[in-house]
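Read the structure below first, then the notes.
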Amino acid sequence: MASRRPAPAVPAAPACCRKIEAFLAESHEGHVSLKEVAAQVNLSPCHFCAVFKKQTGVTFSQYRTRKRLEKARELLLDAERRVSDVAFDSGFESIPYFNRAFRRWFGCSPSEFRSRGRPEIQVKKS
């Protein structure tokens, strides 16, 4: 009889990331600067970027954009919302940038995503 090995433990998010998650969740519509987040974890912006990249594997800017896109995807499920409102409510300040980022991440435009009505759309690997 083969012995069962316990499943490997999922590593807990680093404390720095948990603080950042909490701060971003509290921030209004995702409008938060790198300086503000770095101050929340008591690091200089430069050192914060290095620590964040080392702990997460992505830059803070990439992380923040990904979070905004995830929020936008949820908001797009409401057919009554305009795509431009979804962009601004997700924290994007430029509709063309929102459209490019959405297409790059999800493989289709926000309007295509909505018209497909498929929330299970696959995220593109970059």
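Side-chain atoms of Arg81 do not come within 3.5 Å of backbone N or O of Val86 as any donor-acceptor pair. Under the 3.5 Å distance criterion, the side-chain polar atoms of Arg114 are matched with a main-chain donor or acceptor of Asp78.
Note: Arg68 CZ to Ser90 OG = 9.0 Å, rounded to the nearest 0.5 Å. Distance CD/Glu112 to CG/Asn99: 10.0 Å, rounded to 0.5 Å. If you take NZ on Lys67 and CZ on Phe60, they are separated by 11.0 Å, rounding to the nearest 0.5 Å. From Arg82, atom CZ reaches atom OG of Ser111 across 12.0 Å, with rounding to the nearest 0.5 Å.
With sequence neighbours excluded, no residue forms a salt bridge (Lys or Arg N to Asp or Glu O under 4.0 Å) with Arg66. Considering only residues two or more places apart in sequence or on other chains, Gln62 meets the side chain to side chain contact (heavy atoms under 4.5 Å, CB included) condition with Val58, Thr59.
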Ignoring hydrogens and angles, write down the donor-acceptor pairs under 3.5 Å from the side chains of residues 37-51, residues two or more places apart or on other chains.
from  : atom 1 : to    : atom 2 : distance (Å)
Ser44 : OG     : His47 : N      : 3.1

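Considering all non-hydrogen atoms of both residues, Pro110 and Phe98 come closest at CG-CE2, 3.4 Å.
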(Q) Could you walk me through whether Phe113 and Val83 satisfy the side chain to side chain contact (heavy atoms under 4.5 Å, CB included) test, starting with their C-alpha distance in whole Å, then the side-chain angles of each, then the deciding distance to 0.1 Å, before giving a yes or no? (A) CA-CA 11 Å; Phe113 173 82; Val83 172; over 6 Å; no
Q: List the steps, then state whether side chain to side chain contact (heavy atoms under 4.5 Å, CB included) holds for Leu69 with Phe92.
A: CA-CA 9 Å; Leu69 289 169; Phe92 289 91; 3.7 Å; yes
